[in-house]
There are 2 protein chains.
Amino acid sequence: MGILERKEREKQEMRERILHTASQMFLEEGYDKTSIRGIAERIEYSPAAIYLYFKDKNEIFVAIHDRAFDLLFSKLAQANLEANPFARLCHMGGLFVGFALENPELYDLMFIMREPMDALCQREMDWDKGFRSFNFLRETLRECMEAGLMKPMDLDVAAVSVFSFVHGVTSLIIRGRFKMYPAEQHQALVEQSLQNMLELMRA
Amino acid sequence: MGILERKEREKQEMRERILHTASQMFLEEGYDKTSIRGIAERIEYSPAAIYLYFKDKNEIFVAIHDRAFDLLFSKLAQANLEANPFARLCHMGGLFVGFALENPELYDLMFIMREPMDALCQREMDWDKGFRSFNFLRETLRECMEAGLMKPMDLDVAAVSVFSFVHGVTSLIIRGRFKMYPAEQHQALVEQSLQNMLELMRA
DNA sequence: TTTTATTTATAAACACTGTTCAGTAATTTT
DNA sequence: AAAATTACTGAACAGTGTTTATAAATAAAA
């Protein structure tokens, strides 16, 4: 019975069309301006049709959110080329900040916006995609400490500290809280701060 | 002509009523659920009346935002009791995180939400209230370095680093991105990370 | 004091939003 | 070909921020 499979495939294609259009609109105009009606118009379906493929607006953004985490992880994985754990850590920091500043809307969705995380909680889903990248950081830090390349400290405290720091800088920039300094200086300040922070942790 | 003054006073009183109600609703239900219609109902005026006292919804939140910064600054000022600059710095860190976790909605408005900052930019207003607290941090860091209590580093890099770090931890918690650890552990992790970070900066 | 002018408040509407549901059109199964 | 299932839509519901013409209240001028 290939007919059920075709139906399933068509359903997936429709989901894909919705997701693609939503992503595009989201990256162009942001969450609020990405309306169900707007998506429907672009794919030439009625607004109600979208609800046959997604439970609600947030479910669409949970899917985009999910893919963004895959993208981040694959980017961070580039740091694996670095054999030295501390060099890898530094590389990861740069890659993370790079990802954030190159994809501010995605970063926003992943680490700042309420909606996707609220939806995940309501559906009692776990955050495995997020975990994966965090654990990568954590394991790198473990290697650093085991190799004596980093000052010894509690592993979780270290992981939280590094994550908090990079998120702090990037989210302040993305949400426009860096007005103390002119925009031209931002990138330099971010890079220097990150470098300074990592240098403080080095053994 | 005391009549103009009375009118002005009445206008201010009305502004105050709107602001008070909006604050209350915002702290109870959040930004989205604080509607113009809702505020109007509580103060028993028509929705349109509010527009005679505030240009739009965001202007109300800019006012709340402004007062929140006064609150933060007066809280941070408690650290002035500490004569030793490094002890003052540590104290400030604790006070900042304390403020954030005790007033998550206000913190959100001040450092995370898009709306108030967008409104400030559109109106070409500057962020002096925010500056004030940041400069307090910056000057404390200068004192620390001048007194040789802190590792020498660029002053702005240090200020950005500390601010980014504390904002990072608090905003991750407020926006629910700390799911890697159970909620009971959060406070301890935040405090330990902050302490650890400051210890790394100590000379 | 009466008339004019000004300020203050409102009802109604505009253009949106996410979402639901009854009913229709298309497709598959019997 | 008829019945049953699936896919889809138009219209409506209950909201949102905001604008505007209109009415009411107040102040100033005659």
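These figures come from a predicted structure and were not determined experimentally. All chains are named by letter (A, B, ...) in the order of the sequence lines, taking the proteins before the strands, and each is independently numbered beginning at 1.
By the 30° and 60° cut-offs, the orientation of the rings of A/Phe111 relative to A/Phe69 is perpendicular. Using cut-offs of 30° and 60° for the angle between ring planes, the A/Phe178 and A/His186 rings count as tilted.
Going from atom CD1 of A/Ile50 over to atom C1' of C/dT17 covers 13 Å, rounded to whole Å. Distance, A/Glu44 CD to D/dT9 C1': 15 Å, rounded to whole Å. C/dT19 atom C1' lies 14 Å from atom CD1 of A/Ile39, rounded to whole Å. Distance, A/Glu10 CD to C/dT28 P: 8 Å, rounded to whole Å. Rounded to an integer number of Å, the gap from A/Lys55 NZ to C/dG18 P is 15 Å. Following rounding to the nearest Å, A/Tyr31 (OH) and C/dG18 (P) show an atom-to-atom distance of 8 Å. For A/Met14 and D/dA7, the CE to P distance is 10 Å, given to the nearest whole Å. Taking atom CD of A/Glu115 as the reference point, atom P of C/dG18 lies 12 Å away to the nearest angstrom.
Comparing the axis of the opening five pairs of the helix from C/dT1-D/dA30 to C/dT30-D/dA1 with that of the closing five pairs yields an angle of 20°, rounded to 10°.
Comparing atom distances between the B/Leu52 side chain and each of C/dT8, D/dT18, C/dG18 picks out C/dT8 as nearest. Among the nucleotides D/dA12, D/dT16, C/dA11, the one closest to the side chain of B/Arg37 is D/dT16. Each of C/dT19, D/dC8, C/dA9 was ranked by its minimum atom distance to the side chain of A/Tyr53; first place goes to D/dC8. Which of D/dA7, C/dT20, D/dT9 sits closest to the side chain of A/Ala49 comes down to D/dT9. Distances from the side chain of A/Tyr45 to the nucleotides C/dT17, D/dC8, C/dA11 place D/dC8 closest. The side chain of A/Ala48 sits closest to D/dG10 out of D/dG10, C/dT10, D/dC8. Residue B/Ile36 places its side chain closer to D/dG17 than to any other of C/dT8, D/dG17, D/dG10.
Judged purely by distance below 3.5 Å, without hydrogens or angles, the side chains of B/Gln187 and B/Glu191 pair a donor atom with an acceptor atom.
A/Glu10 CD: more than 12 foreign heavy atoms inside a 6.0 Å radius.
For the pair A/Lys33 and A/Glu105, the salt-bridge criterion is not met [side-chain N within less than 4.0 Å of a carboxylate O]. Ion pairing between a basic and an acidic side chain is recognised when a charged N comes within 4.0 Å of a carboxylate O; A/Glu59 and A/Arg123 show such pairing. A salt bridge links A/Arg114 and B/Asp108; the closest N-O separation between the charged side-chain nitrogens and carboxylate oxygens is under 4.0 Å.
Note on B/Asp56: only backbone sugar-phosphate atoms sit closer than 4.0 angstrom, heavy atoms only; bases stay farther off.
For the OP1/OP2 pair of D/dT16 and a distance below 4.0 Å, the side-chain nitrogens and oxygens of B/Ser35 include at least one atom meeting the criterion.
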